[in-house]
Amino acid sequence: MDLHEDTEKNLATATFEFPGLKKEDIQLNLHDGRLVVSAERNISSEYSKDGYAVRERQYGKFSRALKLAKGVKDDEIKASMENGILTISFPKSSPEEAPRKITIA
């Protein structure tokens, strides 16, 4: 996963690589300020050659949770997938505030 924030456009973008998977194999869920990206691979192939039978199976699950910042607008999260690359953009409602320094009395 690659995560990039464009402060000029006030936009954060996460990019995931899913080679060999279709967008139907990937789930995106948003719950309590967390964006969960999950996928399951279930590929099976079989062929015979020169008297040998070859069977290959690939199974696996993937899950990644991202805690979204306070400024992220849930209803404006956009996702697209092209050539096995999933791109998710999160427009932020306001730039993050700079840390405040607190003096000790």
Side-chain angles (χ1 to χ4, degrees):
M1 177 190 83
D2 292 325
L3 188 59
H4 175 74
E5 183 174 358
D6 186 344
T7 55
E8 290 179 9
K9 294 181 180 178
N10 206 26
L11 183 73
T13 304
T15 307
F16 297 84
E17 295 179 16
F18 291 110
L21 293 181
K22 297 176 279 206
K23 66 181 182 179
E24 294 81 16
D25 299 328
I26 301 169
Q27 293 81 38
L28 298 175
N29 296 309
L30 184 63
H31 182 68
D32 290 335
R34 289 186 169 276
L35 177 65
V36 179
V37 180
S38 58
E40 185 171 354
R41 171 180 290 217
N42 187 357
I43 300 172
S44 180
S45 64
E46 185 175 328
Y47 62 92
S48 295
K49 185 176 181 181
D50 298 329
Y52 291 96
V54 178
R55 292 183 188 105
E56 294 183 5
R57 294 177 187 90
Q58 297 177 3
Y59 296 100
K61 290 184 180 183
F62 168 86
S63 180
R64 182 75 185 246
L66 298 171
K67 183 166 175 35
L68 301 177
K70 287 184 180 181
V72 175
K73 296 179 181 179
D74 296 350
D75 59 339
E76 292 185 8
I77 296 174
K78 305 284 187 230
S80 64
M81 185 158 173
E82 185 176 335
N83 296 327
I85 306 292
L86 174 67
T87 304
I88 305 169
S89 299
F90 333 124
K92 298 174 84 173
S93 61
S94 62
E96 291 184 22
E97 296 179 6
R100 291 187 333 202
K101 189 172 188 176
I102 300 172
T103 57
I104 301 173

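One is the number of the first residue; the rest follow in order along the sequence.
Leu86 and Ile43 fall into different hydrophobic clusters, where Ile, Leu, Val, Met, Phe, Trp and Tyr are joined by side-chain heavy atoms under 4.5 Å apart, directly or via other members.
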Inset, instruction - Evaluate the criterion side-chain contact (heavy atoms from CB on, under 4.5 Å) for residue pair Leu28 and Ile77; output intermediate values, then yes/no. - result: CA-CA 11 Å; Leu28 298 175; Ile77 296 174; over 6 Å; no

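Among residues two or more places apart in sequence or in another chain, the side-chain contact (heavy atoms from CB on, under 4.5 Å) test is passed with Ile85 by Thr15, Glu17, Thr87. Take Ser63 and apply the side-chain contact (heavy atoms from CB on, under 4.5 Å) test, not counting sequence neighbours, and it matches Val36, Ser38. Every residue two or more places apart in sequence or in another chain that forms a side-chain contact (heavy atoms from CB on, under 4.5 Å) with Lys9 is listed here: Asp6, Leu11. When the side chain to side chain donor-acceptor pair (under 3.5 Å) test is applied to Arg64, no partner is found at least two apart in sequence or on another chain. Under the rule for a side-chain contact (heavy atoms from CB on, under 4.5 Å), the partners of Asp25 that lie at least two apart in sequence or sit in another chain are Leu21, Lys22.
Smallest separation of non-hydrogen atoms from Thr13 and Ser89: OG1-OG, 3.8 Å. Listed here is the closest heavy atom pair of Ala14 and Leu66: CB-CD1, 4.2 Å.
Counting only residues at least two apart or on different chains, the ring-ring contact (aromatic ring centres under 6.0 Å, His included) pairs with a member in residues 12-57 are Phe18-Phe62. The salt bridge (charged side-chain N to carboxylate O under 4.0 Å, His left out) analysis of residues 31-58, with sequence neighbours excluded, yields the pairs Glu46-Arg55.
Counting non-hydrogen atoms of neighbouring residues, nucleotides and ligands closer than 6.0 angstrom, the CD atom of Glu24 exceeds 12 such neighbours.
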